[in-house]
Amino acid sequence: MCQLPAHNRLPLCVGCRDELPPNTLACWRCALPLPASGLCPDCQRDPPAFDRVVAPWLYGEYLGYLIQRWKFAGEEDLTALLADLWLARATPDPGIDLLVPVPMHWRRRLARGYNQAELLAAQLAHALPGARLDSRRLARNRATPAQAAMDARARSRNLRGAFTARRPCDNLRIAVVDDVLTTGATAAEAARTLRAAGAAHVEIWCLARTPAPGG
Ligand SMILES: [Zn+2]
Ligand SMILES: [Zn+2]
């Protein structure tokens, strides 16, 4: 990020790494940044379909820059760095059986050439014994319209029925892998689909969490 040599196996120097804000005080369930640890009002009122979110970093300018380059500038080789950042701070459940990346619609995947969530999940599966990558477990039924301009309710309507479980998930403990969690609507819909297919436990693993709008 500082454009100087990293002197490091991975392309990020110690100084730049220290600039990344960790997500320390957050909702136990959805990892929303909070003034103190606990359950956020939304999770108290209406618990989401996932058991918890592991999101060790806050989405901000610097991590945003890395993620944009990774996703949209074709810099697939940033995957090792981002996986390393995740592993450095995350506390994954040791009993996870499957890592399931959030699938992209095939048309979008064709345009980008890769699904970044799948690259991250594959890298994490290497690092975590016992967790197997299954990129085909979830299918994306349709290309959902871009969600950036929608509020939480509109996003969740937009995503209803967006995924199908290709195989039963009886009693499996599954981590759904994505890059950034914003409203959690995509994660919740993926979790709802896997639970309906029999999963015993579904958590969401992502690099970073955005703060609540205006929060
Ligand atoms: Zn630097
Ligand atoms: Zn919450």
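Every number for a ligand or one of its atoms is a count from 1 in the order of the listing.
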What number of protein N, O or S atoms occur at distances under 2.8 Å from the Zn ion (ligand 1)?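 That number is 3, waters not included.
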
In this structure, are over 12 heavy atoms from other groups packed under 6.0 Å from Arg136 atom CZ?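 Not more than 12 within 6.0 Å, no.
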
More than 12 foreign heavy atoms under 6.0 Å from CZ of Arg167: is that the case here?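 12 or below, so no.
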
Ignoring hydrogens and angles, tell me if any N or O in the side chain of Arg112 forms a donor-acceptor pair with the backbone of Gly74 under 3.5 Å.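 Flag not set: sc Arg112 to bb Gly74 has no pair under 3.5 Å.
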
With no hydrogens and no angle check, just 3.5 Å: does a side-chain donor-acceptor pair link Glu203 and Trp205?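 Yes, Trp205 and Glu203 have a side-chain donor paired with an acceptor closer than 3.5 Å.
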
Pairwise distance [atom1]([X]) to [atom2]([Y]) - rounded to 0.5 angstrom:
X: Gln123; Y: Thr79; atom1: CD; atom2: OG1; result: 6.5 Å
X: Thr193; Y: Leu138; atom1: OG1; atom2: CG; result: 6.5 Å
X: Cys30; Y: Asp42; atom1: SG; atom2: CG; result: 7.0 Å

Sorted by chain and residue number, which protein N/O/S atoms are under 2.8 Å from the Zn ion (ligand 2)?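 The answer is Cys27 SG, Cys30 SG, Cys40 SG, Cys43 SG.
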
Identify, with sequence neighbours excluded, every residue that meets side-chain contact (heavy atoms from CB on, under 4.5 Å) alongside Pro101.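 Partners of Pro101 under the side-chain contact (heavy atoms from CB on, under 4.5 Å) test: Ala117, Glu118, Ala121, Leu133, Ser135.
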
What residue pairs, at least two apart or across chains, pass side-chain hydrogen bond (donor to acceptor under 3.5 Å, both in side chains) with a residue in residues 18-32?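 Counting only pairs at least two positions apart or across chains, no side-chain hydrogen bond (donor to acceptor under 3.5 Å, both in side chains) contact touches residues 18-32.
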
